[in-house]
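Nothing fancy with the numbering, it's 1 onward along the sequence.
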Amino acid sequence: MYRLLIVDDEYHIREGLKLMVAESGLSVEVSDVAGDGATALRLYTEQRPDMVLLDINLPEMSGLDVAKTIREKDQQTPLLFLTGYESMTYIRQAVSLQAVDYLLKPVNSEDFEAALSRAEDRIAQWRRSEEEAIHRHRSLEPLYREHLLLDLLQQRRPAAEVIREMDGLRFFGETSGPPYTVLCCELEEASQQEAAASKSHGSMHKNSHVFAGLAGEAAAATGAKAHSAAVSRDRRVVLLATASCRAAERAAQQIRQAVQERLSQGVSIGISRPVQRMEQLPEAYEEAVQAAEHRGWVGYSQIIPYESIQAAEPNSSQLLEKELLMITEIRAGNDAAVHAILQEWSGQLAGLPVKQVKMIVTQLVLFVMRIVQSDAFVGQTSMQEQDPLLELSRLRHGPEMIDYVSRYFVRVGRHVRESREKGIPRKFQRAKEWIREHLQEDGGLNRLAEYMNMSPKYLSARFKQVTGESFADYQTRVRFERARELLLDPNRKVAEVAEVVGFTDTNYFSIAFKKHTGLTPTEFRKTFL
């Protein structure tokens, strides 16, 4: 049945129209009546009737004004007009409002039923068009599925409504279901040529299609089902169904490897905790995003479980002097000192509750991963393949956590030492030291060239050849590394930190820091202090 709203200021006319509707035999029923424009608009908003019959001569607000307001929100609902006399001005306005019919009072039942039939035809025609549009949309099913997935994860529509549509599409098939895990994949910068090519809208969806294929293959290899969507040019989200924790981890590792090999890009992947119900997926999505956004702190091309960053945050101010000393010795590559400190530190941790042990060791791993990230040579080794946060998240007993972390620290120290022994020519080691000591100064490459007694052009080419990074990339990285170090000192103001690393404008520093790390300086302090 189609629902009709009748709007007329005369009671007897309203009642007569209601009777004619009841006697018409059409699939139309009166949903409500109104005697003025304000009431009509309220009922229209509350009930969204299928068709509206409007008297033009209403008190205070005319029927044409009511129709204009309706048309601002809705171009589809059929409108029929009533008036006591014929006016070409009214007729032209009714036509401009896409009126189905224009009826003169007194209305006879034959004309009224014909008008209602035309309104029914208009609704049926519109619904056929809508169904055809949906059919065309569904013929582009991969894109349609992407939109559905983002509607659910980002809560763009009510979850129950989206889940019903997913069920109608058999989104997960008959052989998959919970647990569900969300992966947030942050693609790192490709080459300049690839980055320029990927800026177009069409190319983003093409790359999204390629990524979806890689994610599907990786999930299938672990016995899970994957659905992915492009959130932005650099962010992809993957929903894994029927995936145990280990299967989700293996799928993330395989996605990272496939992206590196077949798209020639690095990717950092945040992993949510598994959930059992689809209604919980928006929360899981937020967890995956939060984990991935820690890549600016723990290093790029890492797999970061949400559980690991959650474990570290509550204890972020509890790094003790001995532990800080160990980080210093690891940074220096002093194996003997690291061994000695580890032996004492392990004995102290052995007597603590498991939860506290996990907090301390996870926080230390986060700091040490930063060392790995900050050293160009270490970053080129297999250290990135160890996924320490992923390994640590699997452990449930204090002694195995201590043993794993101890071995990891020794391994990092060895890689740091070996990379430095391979070495950078002393001249360029001095260049790196100069950059770190002159972050406040203007001049950049030209000032360094003057210090090194080289031409800026030759220095730029040689610096990248020797260090693996351009001067600008290295200077930017050192700026934000130094900023993070200084922000960990609670006695320093953000403005002071900004000035030390070469920013004269504190607001600009905050914007740049967030773009580089994913957090504002204040958020960074709340997270790690």
Original post:
What is the distance from atom NE2 of H516 to atom OG1 of T476, rounded to the nearest 0.5 Å?
Top reply: 7.5 Å

**OP:** Can you see which heavy atom on L26 is nearest to which on S117, and at what distance?
**Re:** CD2-OG, 3.7 Å

**OP:** May I ask you to decide if the ring planes of F509 and F480 are parallel, tilted or perpendicular, using 30° and 60° as cut-offs?
**Re:** parallel

Original post:
Taking atom OH of Y2 and atom OG of S31, what is their separation to the nearest 0.5 Å?
Top reply: 14.5 Å

Original post:
Where is the tightest heavy-atom contact between E146 and A230, given as atom of each residue plus distance?
Top reply: OE1-N, 3.1 Å

**OP:** Would you sort out whether V275 and L281 count as a side-chain contact (heavy atoms from CB on, under 4.5 Å), showing the intermediate values?
**Re:** CA-CA 7 Å; V275 298; L281 284 171; 3.9 Å; yes

Subject >> Donor-acceptor under 3.5 Å (Q260 side chain, V267 main chain) >> reply: no

**OP:** Would you please test E485 and R482 for salt bridge (Lys or Arg N to Asp or Glu O under 4.0 Å) and show each step?
**Re:** CA-CA 5 Å; E485 290 174 4; R482 183 64 176 146; 3.2 Å; yes

Original post:
Considering only heavy atoms from C-beta outward, does the side chain of S27 approach that of E120 to under 4.5 Å?
Top reply: yes

Original post:
Below 4.5 Å, heavy atoms only, C-beta onward: do S268 and C185 meet side chain to side chain?
Top reply: no

Subject >> Pair D32 + R3, salt bridge at N-O below 4.0 Å >> reply: no

Subject >> Short side-chain to backbone donor-acceptor contact, R71 and D74, under 3.5 Å >> reply: yes

Subject >> side-chain contact (heavy atoms from CB on, under 4.5 Å) between V52 and L4, worked out >> reply: CA-CA 6 Å; V52 182; L4 169 69; 5.7 Å; no

Subject >> Intermediate values then yes/no, salt bridge (Lys or Arg N to Asp or Glu O under 4.0 Å), E165 and R157 >> reply: CA-CA 11 Å; E165 287 191 46; R157 289 195 287 148; 2.7 Å; yes

**OP:** Could you go through the salt bridge (Lys or Arg N to Asp or Glu O under 4.0 Å) check for D403 and R407 one step at a time?
**Re:** CA-CA 6 Å; D403 178 64; R407 286 186 283 108; 3.1 Å; yes

Subject >> Backbone N/O of Q276 and side chain of Q280: donor-acceptor pair under 3.5 Å >> reply: yes

Subject >> Interatomic spacing from OG in S228 to CG in L239 - rounded to 0.5 Å >> reply: 10.0 Å

Original post:
Is there side-chain contact between I255 and F211, with heavy atoms separated by less than 4.5 Å?
Top reply: yes

**OP:** Assess whether side-chain contact (heavy atoms from CB on, under 4.5 Å) is satisfied between V33 and L5, documenting all intermediate values.
**Re:** CA-CA 6 Å; V33 295; L5 172 62; 5.8 Å; no

Original post:
Between P49 and T77, which heavy-atom pair has the shortest distance, and what is it?
Top reply: O-CG2, 3.8 Å

Original post:
Heavy-atom distance under 4.5 Å between the side chains of R479 and F503, does that happen here?
Top reply: yes

Subject >> Derivation and outcome, side-chain contact (heavy atoms from CB on, under 4.5 Å), residues R525 and L488 >> reply: CA-CA 7 Å; R525 276 187 157 159; L488 292 173; over 6 Å; no

Original post:
If only atom types and distance count, is the side chain of T39 paired as donor or acceptor with the main-chain N or O of A34 below 3.5 Å?
Top reply: no

**OP:** For residues P521 and F513, report the shortest heavy-atom separation together with the two atoms involved.
**Re:** N-CD2, 3.7 Å

Original post:
Looking at CD of E249 and CG of L240, how far apart are the two atoms once the value is rounded to the nearest 0.5 Å?
Top reply: 11.5 Å

**OP:** Drop me the distance from I70's CD1 to Q75's CD, to the nearest 0.5 angstrom.
**Re:** 11.5 Å

Original post:
Could you walk me through whether E72 and K68 pass the salt bridge (Lys or Arg N to Asp or Glu O under 4.0 Å) check?
Top reply: CA-CA 6 Å; E72 288 173 2; K68 288 174 185 176; over 6 Å; no

Original post:
Would you call L152 and L148 a side-chain contact if the rule is heavy atoms closer than 4.5 Å?
Top reply: no

**OP:** Scan side-chain atoms only and decide if Q154 and Y285 contain a donor-acceptor pair under the 3.5 Å cut-off.
**Re:** yes

**OP:** Taking the side chain as every heavy atom from C-beta outward, state whether C184 and V237 have any pair of such atoms under 4.5 Å apart.
**Re:** no

**OP:** Examine the side chains of Q257 and E261 and answer whether a donor and an acceptor come within less than 3.5 Å of each other.
**Re:** yes

**OP:** Please report the closest heavy-atom contact between A119 and V100, naming both atoms and the distance.
**Re:** N-CG1, 3.6 Å

Original post:
If you take all heavy atoms of S272 and A284, which pair is closest and at what distance?
Top reply: CB-O, 3.1 Å

**OP:** State, yes or no, whether a side-chain contact exists between L519 and K514 at a heavy-atom distance under 4.5 Å.
**Re:** no

Subject >> Donor-acceptor contact present, side-chain T506 to main-chain A495, <3.5 Å >> reply: no

**OP:** Indicate yes or no for a side-chain donor-acceptor contact from R236 to the backbone of S232 under 3.5 Å, with no hydrogens or angles considered.
**Re:** yes

**OP:** Report, as yes or no, whether the 6.0 Å neighbourhood of atom CD on E283 holds more than 12 heavy atoms from other residues, nucleotides or ligands.
**Re:** no

Original post:
So do R42 and E46 actually touch side chain to side chain, heavy atoms under 4.5 Å?
Top reply: yes

Original post:
With a 4.0 Å cut-off, would you call R127 and D50 a salt bridge?
Top reply: yes

Original post:
Counting N and O atoms only, with roles assigned by atom type, does the side chain of R250 sit under 3.5 Å from a partner on the main chain of A218, one being a donor and the other an acceptor?
Top reply: no

Subject >> Distance in Å, L79 CG paired with L97 CG, rounded so as to fall on 0.5 Å steps >> reply: 7.0 Å

Subject >> Residues E161 and R164 bridged, charged N to O under 4.0 Å >> reply: no

